[in-house]
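Residue numbering restarts at 1 for every chain, and letters A, B, ... go by the order of the sequence lines. Keep in mind that this is a model prediction, so the values were computed, not measured.
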There are 2 protein chains.
Amino acid sequence: MVTIKDIAKAAGVSVTTVSRALNGYDDVNEDTRQKIKDIAQGLGYSPNMAARSLISKKTKTLGLLLSNVTRASSKDNIAFEILCGMNDRAGELDYDLVLFSTTPQKQKIKSYKTLCQERGVDGVIIMGIRLDDAYLKEVVSSQIPCVLIDIPLEGPNVGYVTSDNVGGAYRAVSYLLEAGHRKIGVVNGHSQADVSVQRLKGYKQALERFGIPFDESLVMDGSFSEAGAKEAAYRLLAQQPDITALFCISDLMALGALQAVRGLGLQVPGQISVVGFDNIDVTAYCSPALTTVNQNKYEMGYQAAQMLIDLLEGRKVSHRLVLDTELIVRESVSPR
Amino acid sequence: MVTIKDIAKAAGVSVTTVSRALNGYDDVNEDTRQKIKDIAQGLGYSPNMAARSLISKKTKTLGLLLSNVTRASSKDNIAFEILCGMNDRAGELDYDLVLFSTTPQKQKIKSYKTLCQERGVDGVIIMGIRLDDAYLKEVVSSQIPCVLIDIPLEGPNVGYVTSDNVGGAYRAVSYLLEAGHRKIGVVNGHSQADVSVQRLKGYKQALERFGIPFDESLVMDGSFSEAGAKEAAYRLLAQQPDITALFCISDLMALGALQAVRGLGLQVPGQISVVGFDNIDVTAYCSPALTTVNQNKYEMGYQAAQMLIDLLEGRKVSHRLVLDTELIVRESVSPR
DNA sequence: CCCGTTTTCCGAAACGTTTCGGATAACCTT
DNA sequence: AAGGTTATCCGAAACGTTTCGGAAAACGGG
């Protein structure tokens, strides 16, 4: 490994000068700087990040904490799209991304905070975590700058980015109402996800606009899984046979609901209309193609990285970003 | 930040002893060790990786170089599933994963090798790169241990993991042949991807078994994209109207081919049968559900991480791993 | 009780970089 | 020519850890 010292020797200057020359300080003669640069180039020098960050206390790396990057989670590639956006922006700004794999059992031993300071990431992006996660508070209240995805928390060092979930749900449900549906079941996620409560709020608002009272028994949790949603949809349709439409809080769950509806021998959208949320890729290909609300996942990641880096570099910036959503009309809804 | 020094002071021992106690050396009294551990715990100590790796020259991080983690690539989540596997295994073995975003323009400035040594990763996994990539040779011939995904190169410090592409293709095409198809078009990727040549080889072998001569004009490149495949399928079907089946080298391309077939007003599988490759999620949901060959993406990532770490830790291990593939029969093929 | 061995500890150097405080020399200004 | 600036450079300390060589103390065997 070629070090700054080797360059110094070759150039006949001190290591100090080499360091300052390479880092663009202005108290070094342009000729010497050029000579040093040439030698560095010739020797194939590249700075040692460990040494550098040992003293600067900066690592130029962002941690990504996502609790569910595991075998199961790959079907909806939402996480992946977000990751792509993050990675792109981080790359542009010369940061690297390190993935923290957090399995429940490892979490017992090492908290996020420990993980972060051990690895020495400058900041961290957290997603896919439950609101009641014991360690969420910890990292948020710690000194580590962090931005949350879909978790509305703010602080001096923490911000978040999310989609306009209530708006999206509002538009989706309004669309159903305008199509004449009046008894709309909702397949929800679980109470410990902010998106669940926000999207339900949108549902209620749409109902309100049409003067329809909210009926608690029309909503059922599907735990964000395909199987869970299938189960939930079965129960919903069994208990309330006059339901004509299902609003599913996520596309994956809409897929599960679709199975349940078919399992009951009912047609989509002929007898039951379905709308989802997220606009994952499958929705365009499945049959019937799913009407859903799009959220800009790539952008979420991109902006999250941007916000975190802004935070890190001390820029004054809003700690809250809500991205627009858009209703994507396809084939799973018919008028009633 | 609490350092080893603070612990030493609090425990009334030297930093050497603290270090050795914490790292499990046996020349420290069990009582002192316990005391030191307690104090470390109490102070919330966590070791500084930068300092540690400065001297040990190990970082316990794996680099992941994938050239196409960008906006477009998210539709087929193959990369993501592989990543999940890698991340899981790396995590189990106490390594972290850092993503290297390589855009074509950045590649000009910094070669992979530079990237790796700057970031000080112990080794690197490379995927999604073309065989003719200028820097591929560089990193492979460098000292950096690396494992390739779907690129058959071996060396003292390099290994690879891939699927049984020829076997998979062989079974897929045999299935078509057994169903009575004789004129089978193939939508290929491009010549600079090993999977393209392997899967084509499987196609040829199947043909051979049935005594059918290989016809060059039956294969057309679709550049691994949906649009490219659509175009290719159009051309194929126009030029050879008696084609009765399409073997697509990837599912994403099969989706494109499906569009082309429909665009020509033909039925799948009634008039044209289609089989894909990869078994991405959409294939189970699209209509008709796609017959395809599954490759175990998660396992590929898992094993790649395992192999790299074996390499890093000097274990004697095979530098080559070929995972089984499996034909998944669904609805896109009918007998002729 | 002496000598060799084991146990337990420590001082200091090293890793590659940045940075603080200063030093030298050349250049102005009056 | 003296004093003040400026341009350019350097020595040494510091960051937090590991590790080499050795040292002190306790122990065991004869």
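A:His190 has its ring centre less than 6.0 Å from the ring centre of A:Phe224.
Side-chain atoms of A:Ser56 and A:Ser53 include no donor-acceptor pair closer than 3.5 Å. Side chain to side chain, A:Tyr302 and A:Glu92 meet the donor-acceptor criterion of an N or O pair below 3.5 Å. No side-chain N or O of B:Thr16 forms a donor-acceptor pair with one of B:Ser19 less than 3.5 Å apart. When only modelled atom types and interatomic distance are considered, B:Asp6 and B:Tyr45 share no side-chain donor-acceptor pair under 3.5 Å. Counting only N and O atoms by type, the side chains of B:Asp150 and B:Tyr160 include no donor and acceptor under 3.5 Å apart. Side-chain contact of B:Thr61 with B:Asp96: a donor-acceptor pair under 3.5 Å is absent, judged by distance alone.
Atom pair A:Glu30:CD and D:dT8:C1' shows a separation of 12 Å (rounding to whole Å applied). Regarding A:Asp27, its CG atom lies at a distance of 12 Å from the C1' atom of C:dC20, rounded to whole Å.
Terminal axes of the helix from C:dC1-D:dG30 to C:dT30-D:dA1 (five pairs each, C1' rotation axis) are separated by 40°, to the nearest 10°.
Around atom NZ of B:Lys60, more than 12 heavy atoms belonging to other residues, nucleotides or ligands sit under 6.0 Å away.
Using a 4.0 Å cut-off on heavy atoms, the residues of residues 1-25 of chain A that approach DNA chain D are A:Gly12, A:Val13, A:Ser14, A:Thr16, A:Thr17, listed by number. Contacts of residues 41-59 of chain A with DNA chain D (heavy atom under 4.0 Å): A:Leu54, A:Ile55, A:Lys57.
A salt bridge links A:Asp27 to A:Arg20: at least one charged side-chain nitrogen sits closer than 4.0 Å to a carboxylate oxygen.
Residue B:Asn29 is classed as a sugar-phosphate contact, given heavy-atom separations below 4.0 Å to backbone atoms only.
Here the options are B:Ile151, B:Leu148, B:Asn157, the test is side chain to side chain contact (heavy atoms under 4.5 Å, CB included), and the partner is B:Val140; only B:Leu148 passes.
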